[in-house]
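Just so you know, ligand 1 is whichever comes first in the structure, and atom 1 is the first atom listed for that ligand. Note: hydrogens, waters and symmetry copies are ignored here, and every other heavy atom, side chains too, is used.
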Amino acid sequence: MALVPAAGLGTRFHEGGPKALVLLAGKPLLVHVLERLHASGRVTEAVVAYQPGSEEAFRAVLAAAPLPVRLVSGGVERRDSVVAALEASGAADDALVLVHDAARPLVDPIEVAAVVDAAATHGAAIAGHAMVDTVKRIKGGKVVETVPRIDLLSATTPQVFRAGLLRKAHAKAPEAIVTDDAELVERSGGSVAVVLTSRWNLKITYPEDLTWAEAWLARAGG
Ligand code: CTP
Ligand code: MG
């Protein structure tokens, strides 16, 4: 079961309108995502959290989805959208749920399968890649320290959990401001396995990210 938070406005990308419906190579980001999750062979249904007020636009786009999709109204923060999708999924506590951002349309289906398989063994697993830049902590425009990057991971999605673990993690810290679900599982004492992936699982955040994604798709032959 996939949970796809797609309710964001994309304020860093454009002014207004759901970013999940932006076209990449003529196809909405959300459709790219659902096709790639389906192609992993590990996902047979999905719940998509849509931007409140845009249900009809989402419904129209999802006519092209390769797998059965349920729509649920998203929340104010990403974590609220994930919880809404999780509850709508009705997933049993021991079932695996895969969370993947609608904003990551280039995810590799083989890597999706690898994260699901790691979570089947460990109970929780996330995708990510090594950092390439040197990382420095700064304050007031000045460098405070250089952080050894050998220990650092750029964490992405998919993130796969046993549904019960994810439910408990969200319930334990209902007010926490987080940008991914694994942080909540970490906070609640859960162990999270890592699957190293390609850096091409980029997130469409700024307009130029779409240019990178178009170039990658053109090179990969669609
Ligand atoms: N998301 C969501 N519900 C929210 C906020 C975000 O479902 N209330 C989803 C987005 O649709 C996206 C994913 O979470 O698929 C990652 O969020 P991000 O890339 O930050 O997208 P936006 O929040 O839409 O963009 P911005 O932060 O620039 O407004
Ligand atoms: Mg956001």
Side-chain angles (χ1 to χ4, degrees), residues 1-24 27-38 43 46-62 65 69-89 91 97-108 111-112 115 126-129 153-161 166-167 169-170 173-185 197 199-214 216:
M1 168 72 72
L3 313 177
V4 182
L9 277 165
T11 47
R12 288 169 289 179
F13 184 86
H14 59 192
E15 286 177 22
K19 186 170 72 178
L21 303 186
V22 163
L23 299 182
L24 164 62
K27 205 156 58 181
L29 299 181
L30 179 59
V31 175
H32 282 277
V33 161
L34 293 170
E35 286 180 356
R36 283 163 179 264
L37 294 182
H38 178 66
V43 175
V47 181
V48 170
Y50 65 88
Q51 199 186 299
S54 302
E55 184 175 0
E56 284 322 308
F58 273 80
R59 206 169 286 289
V61 154
L62 289 173
V69 179
R70 209 168 324 151
L71 277 171
V72 63
S73 184
V76 175
E77 301 291 341
R78 179 188 182 278
R79 59 163 297 160
D80 305 319
S81 299
V82 171
V83 168
L86 178 60
E87 289 328 313
S89 75
V97 288
L98 175 150
V99 182
H100 185 71
D101 290 335
R104 292 190 189 273
L106 299 184
V107 65
D108 181 338
E111 294 177 345
V112 172
V115 181
I126 64 172
H129 53 263
L153 181 81
S154 262
T156 63
T157 65
Q159 301 195 341
V160 183
F161 312 93
L166 188 59
R167 278 195 186 101
H170 273 276
E175 306 296 334
I177 309 287
V178 293
T179 49
D180 76 351
D181 298 281
E183 182 178 345
L184 295 169
V185 172
T197 69
R199 290 173 58 230
W200 278 108
N201 182 17
L202 57 84
K203 183 154 78 71
I204 307 297
T205 304
Y206 296 101
E208 60 267 30
D209 297 324
L210 204 58
T211 309
W212 286 112
E214 299 264 7
W216 171 248

Query raised in the report: If you round to the nearest 0.5 Å, how far is OG1 of Thr11 from NE2 of His14?
Result: 8.5 Å

Query raised in the report: Under 30°, 30 to 60°, or over 60°: which ring-plane class applies to Trp216 and Trp200, parallel, tilted or perpendicular?
Result: parallel

Report task. Using a 4.0 Å heavy-atom threshold (strictly under), name the region of Glu77 that reaches ligand 1: side chain, backbone, both or neither. Result -> backbone

Query raised in the report: For atom 12 (C) of ligand 1, what is the nearest protein heavy atom, given as residue, atom name and distance?
Result: Pro5 O, 3.7 Å

Query raised in the report: So which heavy atom in the protein is nearest atom 14 (O) of ligand 1, and how far is it from that ligand atom?
Result: Arg78 CG, 3.5 Å

Query raised in the report: Looking only at side chains, do Asn201 and Glu111 share a donor and an acceptor under 3.5 Å apart?
Result: no

Query raised in the report: Are more than 12 heavy atoms from other residues, nucleotides or ligands located less than 6.0 Å from atom CD of Glu15?
Result: no

Query raised in the report: For Thr205, is the nearest heavy atom under 4.0 Å from an atom of ligand 1?
Result: no

Query raised in the report: Looking at Leu86, Val82, Val47, which hits side-chain contact (heavy atoms from CB on, under 4.5 Å) with Val97?
Result: Leu86

Report summary line: What one should report as the nearest heavy-atom pair of Ala84 and Ser73 is CB-O, 3.7 Å

Report summary line: Counting heavy atoms under 4.0 Å, the part of Leu9 that contacts ligand 1 is backbone

Query raised in the report: Phe13 to ligand 1: N or O pair under 3.5 Å?
Result: no

Query raised in the report: How far is atom 6 (C) of ligand 1 from its nearest protein heavy atom, and which residue and atom name does that atom have?
Result: Gly8 CA, 3.6 Å

Query raised in the report: What atoms of ligand 1 come within less than 4.0 Å of a heavy atom belonging to Ser81?
Result: 2 (C), 3 (N), 4 (C), 7 (O), 8 (N)

Query raised in the report: Would you say atom 1 (N) of ligand 1 has a protein heavy atom nearer than 4.0 Å?
Result: yes

Report summary line: If we number the atoms of ligand 1 from 1 as shown, the ones under 4.0 Å from a heavy atom of Val76 are 8 (N)

Requested in this report: Under the side chain to side chain donor-acceptor pair (under 3.5 Å) rule, collect the residues that match up with Thr157, sequence neighbours excluded.
Outcome: His100

Query raised in the report: Are any of the N/O atoms in Ala49 less than 3.5 Å from those in ligand 1?
Result: no

Query raised in the report: Between Glu35 and Lys27, which heavy-atom pair has the shortest distance, and what is it?
Result: OE1-NZ, 2.7 Å

Query raised in the report: Picking from Thr179, Asp180, Asp181, what satisfies side-chain hydrogen bond (donor to acceptor under 3.5 Å, both in side chains) with Arg78?
Result: Asp181

Query raised in the report: Looking only at N/O atoms, are Ala6 and ligand 1 under 3.5 Å apart anywhere?
Result: yes

Report task. Determine the sole option in Leu29, Thr205, Leu23 for which the side-chain contact (heavy atoms from CB on, under 4.5 Å) test with Leu210 is passed. Result -> Leu29

Report summary line: Looking only at protein heavy atoms, what sits closest to atom 7 (O) of ligand 1 is Ala7 N, 2.9 Å

Query raised in the report: At a 4.0 Å cut-off, with the gap strictly under it, does some heavy atom of Gly75 reach an atom of ligand 1?
Result: yes

Query raised in the report: Among protein heavy atoms, which lies nearest atom 29 (O) of ligand 1, and at what distance?
Result: Thr11 OG1, 2.5 Å

Query raised in the report: Who gets closest to atom 28 (O) of ligand 1 by heavy atom: Lys203, Lys19, Arg12?
Result: Arg12

Query - Residue pair Val99 / Pro5: nearest heavy atoms and the distance that separates them - result: CG1-CD, 4.0 Å

**Report entry** Residue, atom name and distance, where the atom is the protein heavy atom closest to atom 13 (C) of ligand 1
**Finding:** Asp101 OD1, 3.4 Å

Report task. List the closest protein heavy-atom neighbour of atom 25 (O) of ligand 1: residue, atom name, distance to the nearest 0.1 Å. Result -> Gly10 CA, 3.3 Å

